[in-house]
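The block underneath contains the structure these notes are about, expressed in structure tokens.
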Amino acid sequence: MKDLINKSQLKESIAFNGSISELKEQIRFKRERKFKLEWIADKEFKVLSKISFGTIIIDSSPEYFDAIKGYGKLTELNNGKTIIDLNTKLRIEIYFVIIIFVLAIIASLFSSKEIPIWSVLLFPIIVLCFSFIYRFQEKLLFEKVRNYIKTELKSVLQQRV
């Protein structure tokens, strides 16, 4: 089960040509981003999409609702570079759909009614559709982070030299 969960998560690594402190300084200096960034710990952060099609989140939406998000961890290497590991976590909505699916099957087993085949297929189709939509948006978010680090922060470093 854990292997299936690991395969369902999106993972990506980005190399930054500098130390963690230099990266954090550049992030503080260049605040205009196409995503939101929240620090969780000294070397861990959360990135949030400013736009989410499935949950209709736009930049001005309330801060307490996290739509499309990813998590990052910074690792400094001996050669002066920093690796930024990005990943997603399994969304809680998937747990709810699975629980409802299992409860529906158990309820039908204890009742005398037969389960229609369309209802058995409906839950996996819903999970797959929403997973596809979320995965697409998570990939777009990671692409925005990658572009920010590769182009925006690089241009800031070049301007300061």
Side-chain angles (χ1 to χ4, degrees), residues 1-101 123-161:
M1 181 70 166
K2 188 171 185 157
D3 191 41
L4 182 64
I5 291 173
N6 283 337
K7 286 182 181 181
S8 70
Q9 296 173 335
L10 183 60
K11 296 178 182 184
E12 185 175 329
S13 292
I14 305 167
F16 176 74
N17 197 13
S19 67
I20 290 177
S21 59
E22 290 173 326
L23 174 64
K24 290 174 90 172
E25 179 184 338
Q26 297 306 316
I27 289 172
R28 263 193 302 273
F29 182 72
K30 179 71 175 164
R31 290 184 173 235
E32 290 182 32
R33 298 182 280 269
K34 295 181 180 180
F35 57 90
K36 297 175 189 175
L37 188 138
E38 297 176 4
W39 290 98
I40 299 171
D42 186 44
K43 297 179 181 180
E44 296 180 17
F45 59 91
K46 176 170 56 170
V47 289
L48 301 148
S49 181
K50 288 186 175 183
I51 298 173
S52 170
F53 303 111
T55 54
I56 310 172
I57 298 291
I58 300 176
D59 190 25
S60 61
S61 298
E63 295 293 322
Y64 57 82
F65 187 73
D66 294 349
I68 305 302
K69 62 185 165 192
Y71 297 90
K73 185 175 182 178
L74 306 175
T75 307
E76 194 166 330
L77 303 177
N78 292 335
N79 61 2
K81 291 186 178 187
T82 300
I83 298 296
I84 304 148
D85 291 316
L86 298 172
N87 69 337
T88 59
K89 295 183 180 178
L90 194 62
R91 298 191 62 87
I92 196 162
E93 295 90 352
I94 293 175
Y95 290 118
F96 288 129
V97 170
I98 291 170
I99 289 170
I100 291 170
F101 179 64
F123 285 106
I125 290 171
I126 290 172
V127 170
L128 288 173
C129 287
F130 278 108
S131 295
F132 177 76
I133 292 168
Y134 280 125
R135 179 52 45 99
F136 176 74
Q137 293 181 92
E138 289 167 343
K139 284 183 177 184
L140 284 176
L141 174 62
F142 281 15
E143 184 178 328
K144 289 176 185 177
V145 173
R146 186 180 344 96
N147 288 340
Y148 173 77
I149 290 168
K150 296 285 185 185
T151 59
E152 297 291 329
L153 294 186
K154 186 176 181 180
S155 68
V156 170
L157 284 171
Q158 289 172 347
Q159 289 174 359
R160 296 181 87 193
V161 171

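For the residue pair L141 and G70, the shortest heavy atom distance occurs at CD2-N, 3.9 Å. In this structure, T82 and L23 approach most closely via the heavy-atom pair CG2-CD2, 4.3 Å. In this structure, Q9 and K89 approach most closely via the heavy-atom pair NE2-CA, 3.8 Å. Residues S49 and K144 approach most closely at OG-NZ, 4.5 Å, considering heavy atoms. Pairing each heavy atom of F35 with each of V145, the nearest pair is CE2-CA, 3.8 Å. Nearest heavy-atom pair across G72 and L86 is CA-CD2, 3.9 Å.
Taking CD1 of I149 as the reference point, atom CD1 of I84 lies at 3.5 Å (rounded to 0.5 Å). In this structure, S13 OG and R146 CZ are separated by 11.5 Å, a value rounded to the nearest 0.5 Å. Of the inter-residue distances, the one linking I133 atom CD1 with L128 atom CG reads 11.0 Å to the nearest 0.5 angstrom. Atoms CD1 and CZ, on I14 and F142 in that order, are 8.5 Å from each other to the nearest 0.5 Å. Taking CZ of R33 as the start and CG of N147 as the end, the distance is 14.5 Å to the nearest 0.5 Å. The line from NZ of K69 to CD of E138 is 10.0 Å long, rounded to the nearest 0.5 Å.
Every residue meeting the side-chain contact (heavy atoms from CB on, under 4.5 Å) condition with K73, not counting sequence neighbours, appears here in chain and number order: E44. Shown here are the side-chain hydrogen bond (donor to acceptor under 3.5 Å, both in side chains) partners of N87, two or more places apart in sequence or in another chain: there are none. Applying the side-chain contact (heavy atoms from CB on, under 4.5 Å) rule to I125 yields the partners L121, C129; only residues at least two apart in sequence or on another chain are considered. Residues passing the side-chain hydrogen bond (donor to acceptor under 3.5 Å, both in side chains) test with T75: none are found, sequence neighbours excluded. Remark: I126 engages L122, F130 in a side-chain contact (heavy atoms from CB on, under 4.5 Å) (not counting sequence neighbours). The side-chain contact (heavy atoms from CB on, under 4.5 Å) check on K139 picks up L10, R135, with sequence neighbours excluded.
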Between L77 and F16, does a side chain to side chain contact (heavy atoms under 4.5 Å, CB included) hold up when you go through it step by step?
-> CA-CA 10 Å; L77 303 177; F16 176 74; over 6 Å; no

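Checked by atom type and distance alone, the side chain of K24 pairs as donor or acceptor with a backbone atom of D42 at under 3.5 Å.
Heavy-atom contacts from other residues, nucleotides or ligands closer than 6.0 Å to CG of N78 number 12 or fewer.
K34 forms no cation-pi arrangement with Y148, by the criterion of a distance under 6.0 Å to the ring centre and an angle within 45° of the ring axis.
Here the side chains of Y71 and I40 are in contact, with some heavy-atom distance below 4.5 Å.
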